[in-house]
Participant: 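Handing you a structure now.
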Amino acid sequence: MFQRILVANRGEIALRVIRACRDLGIEVVAVFSEADRGAPYLELADQAICIGPANSAESYLKIPRIMSAAEVGNVQAIHPGFGFLSENAHFAEVCRACKIEFIGPSEDAMRRLGNKNEARKLAVKAGVPVVPGSEGLITSESQALGVAHDMGYPVLVKAAAGGGGRGMRVARDDASLKTGLVAAQQEAEAAFKDGSVYIEKYIERPRHIEIQLLGDKHGNFVHLFERDCSLQRRHQKLVEESAATNLPAEVRQRICDAAVRLAKEAGYYNAGTCEFLLDKDNNFYFIEVNARIQVEHPVTELVTGVDLIRQQILIAAGEKLPFKQKDLHHRGHAIECRINAEDPANNFRATPGLITRWQAPGGLGVRLDTHACQGYRVPPNYDSMVAKLLVHQPTRLEAIACMKRALREFVIEGIKTTIPIHLDIMSHPAFISGNVDTTFIERTWSRP
Ligand code: MV4
């Protein structure tokens, strides 16, 4: 087992990993940029090392700086958290070259799954349903038109290297396909230095269902059920929950089985998530794999009782999964609201600054994952998430009621936050009935 781990991240997830290490009796080294110097969570690490300026390209994303800190800190493993270097196969490769364990999947699995067209091919091979689409990459306009005419409009042009909705264009006719193809290619080239695209049938108003997976290095896999992450705005998730509402047990079982098949086919290990679109007829289609721990992992921790970060560390150390599929049970209902330093009344403009008052909610079934507190200054340089508020209750309606209570208890002053829109969402009839999809937020809270 590792004696000492470095956390190559910041904020809430850095604190989450620090805690998991403490629980395991593992020493932990934190890193910080100038913008995070003096942040309270750094005091919970055994050592904290400055890795550069506020700009993440010069600190949290700078591999030589992280590796130097790992050397100075004398660690045997690095946990990358999410974002930053978490899905960077080259970083994993550098870790291996330095004989430091990367706490995540193999470089090989990351490379193959990082390309969505490759991941799609792997899914087909594993017998996992994918959205009908082009067989491989699109190399010409005439080919694109041919695929679209065969499938029928609307179609979606997607960047193979894409993610987070970048390099995607919907086309509803030949004209918009021609312009969308070029636009998607250019956007992908600029964002990922890889302009390759493919085409899928466009699924209107899908739900976003994802399956949490764990695999060890001995070929054992389990799923930890689903999360419904349909409530998002501009590809930023706002609310996640488990179980997914109105999802027939038989469909749920088939999605979970499909996700495990894909993980096996990919030779995957550590934590990962398989993303699916669910159409209005409950057909599901694989879209991509997230080869990292995700922001919303605590939703799954609440309903399964499994500490996912602890499992990540144990898997990286070569241990076998301590449970089998039949040992895992889904209990109750969990909801997560992401509390961001953003003003929902002002087009979600970022609102960094000093938190002058912070009164955290609590009580049975309430979990708050945060690195912030009264007197903490939210830096303007990073993601605006300041807390994840979660509830776990026997039923969905009880969870919604508890979330409303917790949101009302939560006092944050000095900065505007997304708490008000979460209260509106929790009170919205469409949300309460589970009648939502990935377009709900933008349809309901669009600017006049
Ligand atoms: C789609 C789609 C509809 N049809 N693919 C968005 C980012 C990437 N993860 C995949 N995405 C989508 N792919 C087809 N064939 C709609 C989306 C989509 C979406 C997916 C999940 C969560 C939120 C979304 C918001 C807008 C579009």
Side-chain angles (χ1 to χ4, degrees), residues 82-83 87 113-121 123-124 128-138 144 147-148 150-172 176-177 180-181 183-184 187-188 191-192 196-211 226-242 244 247 255 259 262 272-292 294-296 299 336 338 348 425 431 436-446:
F82 44 65
E87 292 183 276
L113 296 170
N115 185 297
K116 295 202 287 181
N117 187 49
E118 292 299 316
R120 191 182 145 89
K121 282 196 243 172
V124 172
V128 173
V130 299
V131 190
S134 57
E135 235 167 90
L137 300 173
I138 295 288
V147 170
D150 287 348
M151 283 193 306
Y153 287 105
V155 300
L156 189 61
V157 184
K158 284 189 175 183
R166 277 195 298 181
M168 281 194 349
R169 287 291 183 286
V170 182
R172 298 189 180 275
S176 61
L177 177 56
L181 181 65
E187 196 172 310
F192 317 112
S196 55
V197 298
Y198 62 104
I199 292 181
E200 284 180 358
K201 178 83 185 166
Y202 182 58
I203 309 295
E204 306 262 16
R205 294 193 179 191
R207 287 169 73 185
H208 171 128
I209 305 288
E210 58 185 34
I211 308 298
E226 80 284 10
R227 295 183 290 257
D228 185 328
C229 306
S230 298
L231 288 198
Q232 54 82 47
R233 177 186 172 274
R234 299 190 180 171
H235 304 293
Q236 294 298 318
K237 292 168 186 167
L238 283 136
V239 177
E240 302 98 344
E241 61 183 311
S242 185
L247 182 67
I255 302 181
L262 181 58
T273 299
C274 214
E275 291 190 5
F276 295 89
L277 298 179
L278 189 73
D279 73 12
K280 58 181 185 343
D281 302 317
N282 282 333
N283 296 306
F284 63 89
Y285 310 95
F286 165 76
I287 46 172
E288 54 192 78
V289 172
N290 296 319
R292 60 166 190 277
Q294 287 184 272
V295 173
E296 59 270 30
V299 169
E336 171 176 279
R338 297 192 189 188
F348 293 84
I425 293 168
F431 175 72
V436 293
D437 58 63
T438 51
T439 66
F440 172 72
I441 297 292
E442 274 134 321
R443 279 188 286 115
T444 313
W445 282 276
S446 60

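All values below come from the heavy atoms of this structure, side chains included, with hydrogens, waters and symmetry mates left out. Atoms within each ligand, like the ligands themselves, are counted from 1 in listed order.
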Participant: What pairs with F431 under ring-ring contact (aromatic ring centres under 6.0 Å, His included), at least two apart in sequence or on another chain?
Facilitator: none
Participant: Less than 4.0 Å between a side-chain N and a carboxylate O, is that true for R292 and E87?
Facilitator: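 Salt bridge between E87 and R292, a charged N being under 4.0 Å from a carboxylate O: yes.
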Participant: Any side-chain donor-acceptor pair under 3.5 Å between R227 and Q294?
Facilitator: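 Yes, side-chain donor-acceptor contact under 3.5 Å.
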Participant: Return the set of residues passing ring-ring contact (aromatic ring centres under 6.0 Å, His included) with F286 (not counting sequence neighbours), or none when no residue passes.
Facilitator: none
Participant: Which N/O atoms of ligand 1 sit under 3.5 Å from a protein N/O, and at what distances?
Facilitator:
from	atom 1	to	atom 2	distance (Å)
ligand 1	4 (N)	I203	N	2.9
ligand 1	5 (N)	K158	NZ	3.0
ligand 1	9 (N)	E288	OE1	3.0
ligand 1	13 (N)	K158	NZ	3.1
ligand 1	15 (N)	E200	OE1	2.8
ligand 1	15 (N)	K201	O	2.7

Participant: Among residues at least two apart in sequence or on other chains, which ones pass side chain to side chain donor-acceptor pair (under 3.5 Å) with T438?
Facilitator: none
Participant: Would E200 and R120 pass as an ion pair if we require N to O under 4.0 Å?
Facilitator: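 Result for this pair is yes, salt bridge flagged.
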